[in-house]
K.L.:
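Below is one structure. I have some questions about it.
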Amino acid sequence: MKQALLQNIQDIERECKIIKKTLESTDIPKELMPFHVWIVKVIDNTQRDNSNNEYLLSQNRLNLFKELYKKTQRNVNNLRLLATQYVPVLQRYNKNDNLAISFIAWLHQQHTQSIHKPFGLSNGSFSILPDVNNPMIYYLPTSSQLNLLHFPLFFHEFGHFLYAAHQQEVEDLIKEFQSKIRDKIVIVNEENTKKSEKQREKNIEIIETWFHWMQEFFCDAVGLYIGGKSYLHTFSLYIRTSGNASFYLSEEYLKGSSHPVSWLRIKFLAHRAKMLGLEKEAIELENLWKEIAKMLNIPKEKYHGYYEDNFFDTINECLDDMIEETQPICFKDYLKNTDNPLSEKMNFIELVNWAWDNADNDEKIETYMKINGYL
Amino acid sequence: MENKMLSIQNFYRNQDILSAISQLLIHLDLHGTGIDDRISNLEIEDAKTTIHKYLKRLNLILEDYNKEKNKPMIGIDAKERSFIKSFAGAKKNTNRFKSVLFKKSINALEVLMQEDFYANKEEISNSLSELSNLIEEQTSFDIKKILVEI
């Protein structure tokens, strides 16, 4: 056992040196430097801990072998996670990332919670690794890299970070919300029949599922609050071609799901959009989704008890409180009322909204991006 | 949020408590042997604080869960719900989990840690070691979800 552990300890040291050497040859912009510094620090700490494990192993205490095995296992896992998720962020960097990096860096600068937060960009579906103690990684498909019309989805992803940054407070709000929903769900009679037992189990599933759904509804609310109509357009564009699953899921798929049905998300987005003065866009959005549903032969919304109309106000109250707690910026404070937005460099909220106003003119958008050094 | 991201978050969430447990187990094992464990007093105190905070939160959630098992666990995510169920199950598995933490209670372990840390070292070590095993079980599932198996 001692020899095997020693071999793993030596291999960890070898992997650390390789990662450090790889990082030396990466050429990255200043926005990614804090991410680079963090990786080097993690490797330094791993090397220190690993060397300590080697020392403890040399003491030949059999009692310690199990703990040293576990510590070595954790160092291996940490390194693998670093090598597969974090290091590629720097290795893959090329100048096509610059637009998204500038966009995210700007967004982070606007929020006190993220102003000094290291972040990176990687390949994948639009998503985020929103860690408060470690750097954040934003993922986007290569095909979206230079597509401004997709960028408002980053506002949703940023919502996950705001959630993590205020985790205790927002989860207390969700807990309160879940207990209100519990009171609204039809009370099952106390008879000990198989049917009532099954209903009780389903009610538990519904209430627990809402814990994750509320995070997604919150991130949609953040996306809309920051991006305004650009978020409505992007969300709809990106999701509406997912087919039937965007409109209806069977009970089996709803149980324990991480995301609510998209049609339900549209309902809440449209409602909030109207509250924010985007009535025209909200009505167009609702009508379009109804039209697609009709075309797909889905006559009406059906959520198998996971959503009932009497949840509506409770959900919105909780979302209002979550927005109040996390304080995202609002698009209204960033859009200038000018007839000629091109007269000066736009901020990124203006830019994505302007891009949507000119969504049928790719050439115009490309020219603006070239003039301003994004391409 | 994507399941993979939840797994990564959970993996990191568990690292602090697992590292703290490791430090205390190594420190207790080497205490009185004359071998330097290379762990400072400050690090020991930090590890105790991390474990105390973790046990306090665990106790609160477990109390809620034990009050009425046929009701939803609210205010916590699927990973924590799953761990609470594992912990409650481990308390019944007396063949595998034999320490004070599982045979008696979280409070019993807290009392041992506060009373005389070194005099109770065997019971404390057994409890922390079993707790670490249970957490590691969940962490290894997370790692399997994040990193593809060869």
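The sequence lines fix the lettering, A, B, ..., with proteins before strands; numbering per chain opens at 1. Because the structure is a prediction, the values reported are computed rather than measured.
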K.L.:
If you count heavy-atom pairs under 4.5 Å with chain B, which of A:K66, A:E201, A:Q215 comes out on top?
P.N.:
A:K66
K.L.:
How many angstroms lie between atom NZ of B:K4 and atom OG of A:S125, to the nearest 0.5 angstrom?
P.N.:
10.0 Å
K.L.:
In terms of heavy-atom proximity below 4.5 Å to chain A, should B:I26 be classed as side chain, backbone, both, or neither?
P.N.:
both
K.L.:
Give, as side chain, backbone, both or neither, the part of B:L18 having an atom under 4.5 angstrom from any heavy atom of chain A.
P.N.:
both
K.L.:
Is the shortest side-chain heavy-atom distance between B:N133 and A:K70 below 4.5 Å?
P.N.:
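Result yes, sub-4.5 Å side-chain heavy-atom pair found.
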K.L.:
Is it the case that atom CD in B:Q114 sees more than 12 heavy atoms from other parts of the structure closer than 6.0 Å?
P.N.:
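Yes, because the 6.0 Å sphere around CD of B:Q114 holds more than 12 heavy atoms from other groups.
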K.L.:
Please identify, among A:N133, A:D172, A:D131, A:I128, the residue contributing the most non-hydrogen atom pairs under 4.5 Å to chain B.
P.N.:
A:I128
K.L.:
Measure the NZ-CD1 distance between A:K180 and B:I74 for me, rounded to the nearest 0.5 Å.
P.N.:
11.5 Å
K.L.:
Side chain, backbone, both or neither: which part of A:Q73 has a non-hydrogen atom closer than 4.5 Å to chain B?
P.N.:
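A:Q73 touches chain B through side-chain heavy atoms alone.
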K.L.:
Does B:K104, at its NZ atom, have more than 12 non-hydrogen atoms belonging to other residues, nucleotides or ligands within less than 6.0 Å?
P.N.:
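Counting neighbours around NZ of B:K104, 12 or fewer heavy atoms of other residues, nucleotides or ligands fall under 6.0 Å, so no.
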K.L.:
Counting only non-hydrogen atoms closer than 4.5 Å, does B:D16 touch chain A with its backbone (N, CA, C, O), its side chain (CB onward), both, or neither?
P.N.:
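Contact with chain A involves no heavy atom of B:D16 at all.
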K.L.:
Do B:I146 and A:Q85 have side-chain heavy atoms sitting under 4.5 Å apart?
P.N.:
yes
K.L.:
Decide yes or no for A:H160 and B:Q9: does some side-chain heavy atom of the first lie under 4.5 Å from some side-chain heavy atom of the second?
P.N.:
no
K.L.:
With a cut-off of 6.0 Å (strictly less than), are more than 12 heavy atoms of other residues, nucleotides or ligands near OH of A:Y253?
P.N.:
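Check fails, neighbour count at 12 or below.
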K.L.:
Could you verify whether a donor N or O on one side chain and an acceptor N or O on the other, from A:R61 and B:T33, lie under 3.5 Å apart?
P.N.:
no
K.L.:
Do other residues, nucleotides or ligands put more than 12 heavy atoms under 6.0 Å from the NZ atom of A:K202?
P.N.:
yes
K.L.:
Among the options A:L56, A:N63, A:L81, pick out the one with the most heavy-atom pairs lying under 4.5 Å from chain B.
P.N.:
A:L81
K.L.:
For atom OH of B:Y65, decide whether the heavy atoms of other residues, nucleotides or ligands shown that lie under 6.0 angstrom number more than 12.
P.N.:
yes
K.L.:
A:N134 versus chain B, heavy atoms under 4.5 Å apart: side chain, backbone, both or neither?
P.N.:
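It is the side chain, since no backbone atom gets that close.
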K.L.:
I'd like to know whether NZ of B:K91 has more than 12 heavy-atom contacts from other residues, nucleotides or ligands below 6.0 angstrom.
P.N.:
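Atom NZ in B:K91 is packed in, count exceeds 12.
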K.L.:
By the definition side-chain contact (heavy atoms from CB on, under 4.5 Å), identify the one residue from B:L30, B:D29, B:D36, B:I35 that meets it with A:Q59.
P.N.:
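The passing option is B:I35.
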K.L.:
For A:E176, is it the side chain, the backbone, both, or neither that has a heavy atom closer than 4.5 Å to a heavy atom of chain B?
P.N.:
neither
K.L.:
Output the distance between atom CD (B:Q23) and atom NZ (A:K71), rounded to the nearest 0.5 Å.
P.N.:
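Between B:Q23 CD and A:K71 NZ, I get 7.0 Å after rounding to 0.5 Å.
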K.L.:
Can you name the closest pair of heavy atoms from A:Q178 and B:G75 and give their distance?
P.N.:
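Closest approach of A:Q178 to B:G75, heavy atoms only: OE1-N, 2.7 Å.
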K.L.:
Against chain A, work out which of B:M73, B:M5, B:R13, B:R38 has the most heavy-atom pairs shorter than 4.5 Å and name it.
P.N.:
B:R38
K.L.:
Which atoms of A:F177 are under 4.5 Å from chain B, going by heavy atoms: the side chain, the backbone, both sets, or neither?
P.N.:
neither
K.L.:
Let me know if A:E171 has heavy atoms under 4.5 Å from chain B in its side chain, its backbone, both or neither.
P.N.:
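Both backbone and side chain of A:E171 come within 4.5 Å of chain B.
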K.L.:
Taking side chain as C-beta onward, heavy atoms only, is B:Y12 less than 4.5 Å from A:N78?
P.N.:
yes
K.L.:
If we define contacts as heavy-atom pairs under 4.5 Å, which of B:N3, B:L25, B:D37 has the most with chain A?
P.N.:
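Counting heavy-atom pairs under 4.5 Å, the top option is B:L25.
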K.L.:
From B:L147 CG over to A:N77 CG, what is the distance, rounded to the nearest 0.5 angstrom?
P.N.:
7.0 Å
K.L.:
More than 12 heavy atoms of other residues, nucleotides or ligands under 6.0 Å from NZ of B:K71: is that the case?
P.N.:
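For B:K71, atom NZ is crowded (more than 12 foreign heavy atoms under 6.0 Å).
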K.L.:
List the steps, then state whether side chain to side chain contact (heavy atoms under 4.5 Å, CB included) holds for A:F211 with B:E80.
P.N.:
CA-CA 12 Å; A:F211 182 86; B:E80 273 195 295; over 6 Å; no
K.L.:
Once rounded to the nearest 0.5 Å, what's the spacing between atom CD1 of A:I174 and atom CG of B:D77?
P.N.:
10.0 Å
K.L.:
Check this for me: A:Y69, atom OH, are more than 12 non-hydrogen atoms of other residues, nucleotides or ligands nearer than 6.0 Å?
P.N.:
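It does not: A:Y69 OH has 12 such atoms or fewer within range.
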K.L.:
Which answer fits A:E208, side chain, backbone, both or neither, if we ask what part of it has an atom under 4.5 Å from a heavy atom of chain B?
P.N.:
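Its backbone and side chain both get close to chain B.
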